[in-house]
Amino acid sequence: MTSPIQNRKYATEITAANEGERVSIAGWVHEKRDLGGVFFLIVRDRSGFAQVTLLRKKTEKELFERVKRVPRESVVAIEGEVKREQKAPNGYEILPTRVEVLSEASPVLPLDTTGKVGAELDTKLDARFMDLRTERTKHIFLIRSRILKAIRDFLDERGFIELNTPKIVSAATEGGTALFPISYFEREAFLNQSPQLYKQMLMASGFDRVYEIAPIFRAEAHDTTKHLNEATSIDVEVAFEDHEYVMTLLEELIAFVYTNVVDYPGLAKLDLNLEVPKVPFRRITYDEAIEQISDAGEEIVWGEDIGTSAEHTLGKIIGELYFITDWPCAIKPFYAQPAGEGKDTCNAFDLMHPRLELSSGSQRVHSYELLKQQIESKGLSADSFEFYLDSFRYGMPPHAGWGLGAERLLMCMLEIGNIREVVLFPRDRKRLVP
RNA sequence: GCCCGGGUGGUGUAGCGGCCUAUCAUUGAGCCCUGUCGAGGCUCGGACUCGGGUUCAAAUCCCGACCUGGGCGCCA
């Protein structure tokens, strides 16, 4: 006995041209429509929908009654004959000869998969497995996959090597953010907040163009629509180049990603009007940013970081993707290269979306002496950075790089209000399950 | 951590002191219907987060807890 699941096709692989052929499909019971003498079973799979039609008079009674009773969202396998039918999705329907219920669903569902009734984010996240069956959520993650592929294609094409650095580390990397402590045999260790130090160390390896797409962990108790305690960072580091080079690389990458998403057929399901941003992106200095923000009537002090409301004010003024450059050294990490004689700024930049910051990067300090000095001037202990500093003592090329938040990019592109929506199983201060 | 909102059937909501044995939609159970595509029609089932308080009377007002949305802070 052959199972109908063998040789199954996706719903959209079948067309009216297959009329008369025997096919198998498998998927979830999306909807049932009982008209009395005719019964429609809409089966959903990854590709879309297929209509399975049963005529009361022409169908074996046992089969007809059994199909009528299959609860929605049950998993079924169908074998039957293709019939051209203009009124059906994809222009065909299946007249089943065999229906197997592979998994019967409980009849009362945690949320509606058809889009008739909405669900709150919390409800969706609690039942994420089912939320992913909805068109909107499904496409968010298909687009996410597409974006990550586009990024890899873009970087691979330019000679980058994809590498992975440890997520379990011995100490704070850059200071700043809080870390999650973990028990590591008889020692304490931490989940890494950023691959920063490791990707820089790789610059001393001869792998002069590297990237990593991996999780980062931050133990901040923040509670906003743009922060996660576990996020995905896209990190790039390039040797023998400076901040200008990596800014250009970044804007071209972003434009390439947009181009790939604009072409995505499922974009229509998300109801947005996406345009590929023009390169080069606008660049404004930190000084200009402060001026613009204070001209707009917002209180801001030079030398301080740009807070959320100032960020929004500036975003509204600029209205497109832009870079903020020439940041004060004092508010950028120790590894940012100072601009030089008599200046208190460094060669660091942030890539901003009108809503929020997407990426930050810089030309890095590659002089051992200067780096050590900057670590100490930030009040950090050079000893705990020995493993990192060592790589600067035996031939470290000049280099630059950036880190880009994958979820932030996705939420901004798709105009999604809460970053949790673009993570399968988000980790925030309150949520550890599922 | 601070400041505002909000917790009503499975889901999404209306009601905001007595008209509430609580509205509507969807879902569920059942029935009618041979072409649905958010099918339609009829019947039935299903809820006021928890604990105190005020009041003749609380879903409705007050207090606390828990959960939750947003604004900020912190942070990327």
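Residue numbering restarts at 1 for every chain, and letters A, B, ... go by the order of the sequence lines. All of these numbers come straight from a predicted model, not from anything done at the bench.
Within 4.0 Å (heavy atoms only), A/Gly118 reaches sugar-phosphate atoms of the nucleic acid but no base atom. The residue A/Asp34 sits close to a base: some heavy atom pair falls under 4.0 Å. Across all strands shown, A/Arg72 has heavy atoms under 4.0 Å from sugar-phosphate atoms exclusively, and none from any base. Residue contacts shown for A/Gly403 are absent, as no nucleic acid heavy atom lies under 4.0 Å away.
Not a single donor-acceptor contact under 3.5 angstrom links the side-chain atoms of A/His222 to the base of B/C74. On a pure distance criterion of 3.5 Å, no polar donor-acceptor pair joins the side chain of A/Glu120 and the base of B/U68.
Partners of A/Tyr184 according to the side chain to side chain contact (heavy atoms under 4.5 Å, CB included) rule, which considers only residues two or more places apart in sequence or in another chain, are A/Ile168, A/Arg187, A/Ala189.
Ranking B/G35, B/A39, B/C74 by closeness to the A/His227 side chain, first place goes to B/C74. In the set B/U11, B/G35, B/U27, B/U27 carries the atom at the smallest distance from any side-chain atom of A/Lys116.
Under the Watson-Crick or G-U wobble criterion, with both distances below 3.5 Å, B/A29 is paired with B/U43.
Judged purely by atom type and a 3.5 angstrom limit, A/Glu251 uses its side chain to pair as donor or acceptor with the backbone of A/Phe281.
Between A/Phe323 and A/Phe349, the ring planes are perpendicular. Angles over 60° get that label, and only those under 30° would be called parallel. Between A/Tyr264 and A/His139, the ring-plane angle classifies as perpendicular under the 30° and 60° cut-offs.
What separates CZ of A/Arg33 from P of B/G38 is a distance of 7 Å, to the nearest Å. The distance from atom CG of A/Asp112 to atom P of B/G9 is 17 Å, rounded to the nearest whole Å. Taking atom NE2 of residue A/His30 and atom C1' of nucleotide B/A39, one finds them 15 Å apart after rounding to whole Å.
Around atom NZ of A/Lys378, more than 12 heavy atoms belonging to other residues, nucleotides or ligands sit under 6.0 Å away.
Taking the C1' atom of each, B/G71 and B/A65 are spaced 24 Å apart, rounded to whole Å.
Between A/Thr225 and B/G70, a side-chain N or O to OP1/OP2 separation shorter than 4.0 Å is absent.
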